[in-house]
Amino acid sequence: MTEFDCDAVIVGTGPAGATVAEVLTAAGQSVIMLEKGANHLMSLEPPFAMSGEITNDEIKFLRRYFLEPDPLLEPRTFRRTEAAGDREFTGSVNVLPTGLGGGGFHADGKLPRFREVDFHLLSEHGPIDGANIADWPLEYDELEPYYAEAERIIGVAGDSTGNPFAAWRSGEYPMAPGADMYCAVVTGAAAQRLGYNPYRAPTGANTVEYDGRPACNNCGFCAFFGCPIDAKGDPVAPLRHALHTGRCEIRCESFVSEIVLDASGKTARGVKYLDTDGVEHEVTARAVVLGAGAFETPRLLLRSDVGNRTDLVGRHLMFHLQTFAVGQMPFRLHGYKGRAVTHLMDDPIVPDALAQAAAKDAGLPYIRGGIVEHGAAGHPVMEAMYSPPGPMHSRMMLESPMRDCMAGFTMQGEDLPLLTNRIDLDPKVKDVWGFPAGRVTYSPHKHDVVASQHWAPRLEAVMKEAGAVNTFSATSPPLPGSLGESHNLTPQSRHIMGGARMGDDPDTSVFDRWQRLHDVPNVICSDSSVFPTSTGYGPTLTIVALAIRAARELAGLPPLTSVRPAGA
Amino acid sequence: MPEYLTEAQFAVLEAACEALIPAVDGHPGARALGVADYIDGALGAFSVDPPRIFAGGPYSGRFGGEPGFAKFTKLSKFQELAWRTRIEGSAGIPEREINGPVVGWQQIYTDGLAALGDDFLECEPDEQLRRVQADTVLFPVIWAHCGEGAYGAPEYGGNRETLGWQAIQYPGDIQPRGFTDEEVSQP
Ligand SMILES: Cc1cc2nc3c(=O)[nH]c(=O)nc-3n(C[C@H](O)[C@H](O)[C@H](O)COP(=O)(O)OP(=O)(O)OC[C@H]3O[C@@H](n4cnc5c(N)ncnc54)[C@H](O)[C@@H]3O)c2cc1C
Ligand code: SF4
């Protein structure tokens, strides 16, 4: 009988990897987690306390790549189309942090569930030319108990009555929501007056002491920073739970270079990884779990030449087309206080008569935008860089039209899956380990552009209703021909999905319904690479819910079930 | 005494920063904010150990807790490689040339400050501003550093006595105090 180093080797320690570690170790299995980044998060010795390196520091987190992959070491490349040549840009392309915890604790943790229709968009709304829309191999009803479990593990604070468009729920959120930010009080009231439905955002930050961690104290350094006081649950909580079992070993600064198959080519034996001295190691395991995130997982599969029989690995990459509608208010909003965003609205996801008419005019069967985050600008270093130099600069910083008086909506617009939007291996640019950089080829589909152009003026109208004296809108990535193109061509949504979609047919998908590689079933993907469509919601709660489901199946545990309350 | 630059280079740097962020009523200029000290401190980051790259934590002490920012964080091997490359340039060292040679900040400032001209200190602020902005290599670097040096945490050497934050009615790092629910929700 073959001896293995562990039951499962897990690549990546973000929400996707951490969740699998929690479920498998609770089921009695042993795991080794490999993480390419450093550990700035917490001690790996009991009681696994925070390390004290996460701080309210704009220079460290936004300017010096403390958590983000440094583009000098891990560049990515970008081009809009193949016709643009090998690459148009080299540097940071929609990166998520690297290091223990991945992007999870760096995010501000708005954690909504998807809606029922999101799992069968193709069947319900039909195809759109040029896009490969696909139904998911599972329905919302099957995922509901896993959503509930994900909310419990992370500790999500929310209000189940606030969103009229929300899918049904089997129970309440674990915690009530926290304090409404003043900017959202202002823009939320205006949105309501215009007939929209803002609601308190389900958020992975404690509002009371929960699971041994304190309540959030609204410090305002939430999105992009990490929580100095340990009030954010994802993925700190599952990592700690896994470590507490004594069956989880974490090795940081360990870059997984390759998935290793046995002689049959149908079973993985483990993975190879490099330490920072470039020394190669191998970990053998009964199962290999890929939680490297939807950029690095496809890149690792391509590098290992595993699972790509159908040339689908890396394709159907999705980001969310972000639309920003900005309002300059004649008063201060102090957006630096609070959990970055406290209100969302789903209205653009559920097309109303105006949106349907806009779709018809554009020759599209429908347009679906995305959640709208009611936010404001927080911190001044970025403001300074976007204010013109010279005497104007100091005056603008005093009046702060670009920060303290600025409210902003961000719509996370649904990004349709295209065969041509993809990650592949750059023919020339390399990373610090000597491997080809990941290259993104990406342009949004007409659907996404029309949805953005339809909603931008409607969102600006809400800003005006809220009292804005000046409004404007922009997108990420910039739309062709817009001013933003000269500034930064690349998408910056930090929501990365697709690249190795799941489905029942091995000829049209890479992973199966349990997130096992069709070609090598003991390779499981627990991150958003498997998403067949992007929906208009942040991906992370769904990543975690799916990861619980896939890990339970891997561990041989029975499926979770839930009961839909009468009338829900 | 500047740490990396010469006295003469430092004087030009101070003037350039002041042209970019001048003093106006209620807002100190870059000179009073110590922006050039911030930049010089970044250029000489590796003259101290641990290097002056990532301030420590978890708190600065300004709103309670032990003052931890001033104790800088030890760099990982890769962080050191990246930051030495960014500051010192690749200098022909193979490990630093992952995708070819990199011109470091030290070189960018040394060349850029010299190119501002021997008469730079005597020029009017308008002309100084024009010259700095016209340098397409120096300007993006110095401008980003001006924002950091004026409004970043003072432990990095700029934002002297938090004067930058005070001018713009911004409290800066607030942990472990945080904000009350009323402070968050009320005007
Ligand atoms: C500022 C910000 C705000 C956000 N806000 C939200 C939000 O409100 N709601 C939401 O849903 N999402 C949000 N996100 C996105 C969220 O962070 C991601 O969806 C989530 O982190 C994805 O989890 P993951 O585990 O799949 O991948 P990641 O978090 O990216 O983790 C993957 C880990 O794998 C490691 N890794 C990769 N390749 C290798 C390798 N070869 N070897 C070893 N290790 C490897 C990486 O270093 C990383 O630590 C936000 C992101 C950011 C940056
Ligand atoms: S706002 Fe709350 S959850 Fe976010 S970093 Fe600050 S204390 Fe932590």
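Chain A is the first sequence line, chain B the second, and so forth, proteins listed ahead of strands; every chain is numbered from 1.
Most heavy-atom pairs under 4.5 Å with chain B, from the set A:Leu62, A:Ile229, A:Val186: that is A:Ile229. Contact count versus chain B (heavy atoms, under 4.5 Å) is highest, among A:Leu73, A:Val429, A:Leu333, for A:Leu73. Ranking A:Pro391, A:Gly338, A:Cys183 against chain B, the residue ahead of the rest is A:Pro391, based on heavy-atom pairs under 4.5 Å. Top candidate by heavy-atom pairs under 4.5 Å with chain A, chosen from B:Ala167, B:Ala153, B:Ala144, is B:Ala144. In terms of non-hydrogen atom pairs under 4.5 Å with chain B, the most contact-rich of A:Gly390, A:Cys216, A:Gly220 is A:Gly390. Chain A forms the most heavy-atom pairs under 4.5 Å with one residue out of B:Gly56, B:Pro187, B:Gly57, and that residue is B:Pro187. Taking chain A as the reference chain and counting heavy-atom pairs below 4.5 Å, the highest number among B:Pro171, B:Pro125, B:Ala150 is found for B:Pro171.
Under the side-chain contact (heavy atoms from CB on, under 4.5 Å) criterion, A:Met406 pairs with A:Val326, A:Ala377, sequence neighbours left out.
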| message | Assess the residue pair B:Ile98 and A:Leu72 against the criterion (side-chain contact (heavy atoms from CB on, under 4.5 Å)); give the C-alpha distance rounded to whole Å, side-chain angles, the decisive distance to 0.1 Å, and a yes or no. | response | CA-CA 8 Å; B:Ile98 297 166; A:Leu72 287 178; 5.9 Å; no
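Using a 4.5 Å cut-off between heavy atoms, A:Ile54 touches chain B through its backbone atoms (N, CA, C, O) alone. For B:Val102, the part sitting under 4.5 Å from any heavy atom of chain A is the side chain, from C-beta outward, and nothing else. Both the backbone and the side chain of B:Ile168 come within contact range of chain A, judged by heavy atoms closer than 4.5 Å. At a 4.5 Å heavy-atom cutoff, the contact between A:Val432 and chain B is made by backbone and side-chain atoms alike. B:Phe63 does not touch chain A: none of its heavy atoms, backbone or side chain, sits under 4.5 Å away. Proximity to chain A (any heavy atom under 4.5 Å) is restricted, for B:Pro176, to the backbone atoms N, CA, C and O. At a 4.5 Å heavy-atom cutoff, B:Leu75 makes no contact with chain A through either its backbone or its side chain. Heavy-atom distances place the backbone of B:Ala19, and not its side chain, under 4.5 Å from chain A. The contact between A:Pro75 and chain B is made entirely by side chain atoms (from C-beta outward), counting heavy-atom distances below 4.5 Å. Residue A:Phe66 touches chain B through both its backbone and its side chain, counting heavy-atom pairs closer than 4.5 Å.
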Could you list each donor and acceptor atom pair linking chain A to chain B at less than 3.5 Å?
| unit_1 | atom_1 | unit_2 | atom_2 | d |
| --- | --- | --- | --- | --- |
| A:His40 | NE2 | B:Gln79 | NE2 | 3.1 |
| A:Asn56 | OD1 | B:Ile174 | N | 3.1 |
| A:Asn56 | OD1 | B:Gln175 | N | 3.2 |
| A:Asp57 | OD2 | B:Tyr156 | OH | 2.6 |
| A:Lys60 | NZ | B:Ala55 | O | 2.8 |
| A:Arg63 | NE | B:Glu148 | OE2 | 2.6 |
| A:Arg63 | NH2 | B:Glu148 | OE2 | 3.3 |
| A:Arg64 | NH1 | B:Arg52 | O | 3.3 |
| A:Arg64 | NH1 | B:Ile53 | O | 3.0 |
| A:Arg64 | NH2 | B:Tyr38 | OH | 2.8 |
| A:Asp70 | OD1 | B:Arg86 | NH2 | 2.7 |
| A:Asp70 | OD2 | B:Arg86 | NH1 | 2.9 |
| A:Asp70 | OD2 | B:Arg86 | NH2 | 3.4 |
| A:Asp180 | O | B:Ser185 | OG | 2.6 |
| A:Tyr182 | N | B:Val184 | O | 2.9 |
| A:Asn217 | O | B:Phe179 | N | 2.8 |
| A:Asn217 | OD1 | B:Gln175 | NE2 | 3.0 |
| A:Asn217 | ND2 | B:Gln175 | OE1 | 2.8 |
| A:Asn217 | ND2 | B:Pro176 | O | 3.1 |
| A:Asn218 | ND2 | B:Phe179 | O | 3.0 |
| A:Asn218 | ND2 | B:Asp181 | OD1 | 3.1 |
| A:Thr276 | O | B:Lys77 | NZ | 3.1 |
| A:Asp277 | OD1 | B:Lys77 | NZ | 2.9 |
| A:His334 | NE2 | B:Gln186 | O | 2.7 |
| A:His379 | ND1 | B:Tyr170 | OH | 2.7 |
| A:Met385 | O | B:Trp143 | NE1 | 3.1 |
| A:Gly390 | N | B:Leu20 | O | 2.8 |
| A:His393 | NE2 | B:Tyr151 | OH | 3.4 |
| A:Ser394 | OG | B:Pro22 | O | 2.7 |
| A:Lys430 | N | B:Asn99 | OD1 | 2.8 |
| A:Lys430 | O | B:Asn99 | ND2 | 2.8 |

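For the pair A:Leu398 and B:Gly26, the tightest heavy-atom approach, listed with the atom from each and the gap, is CD2-O, 3.6 Å.
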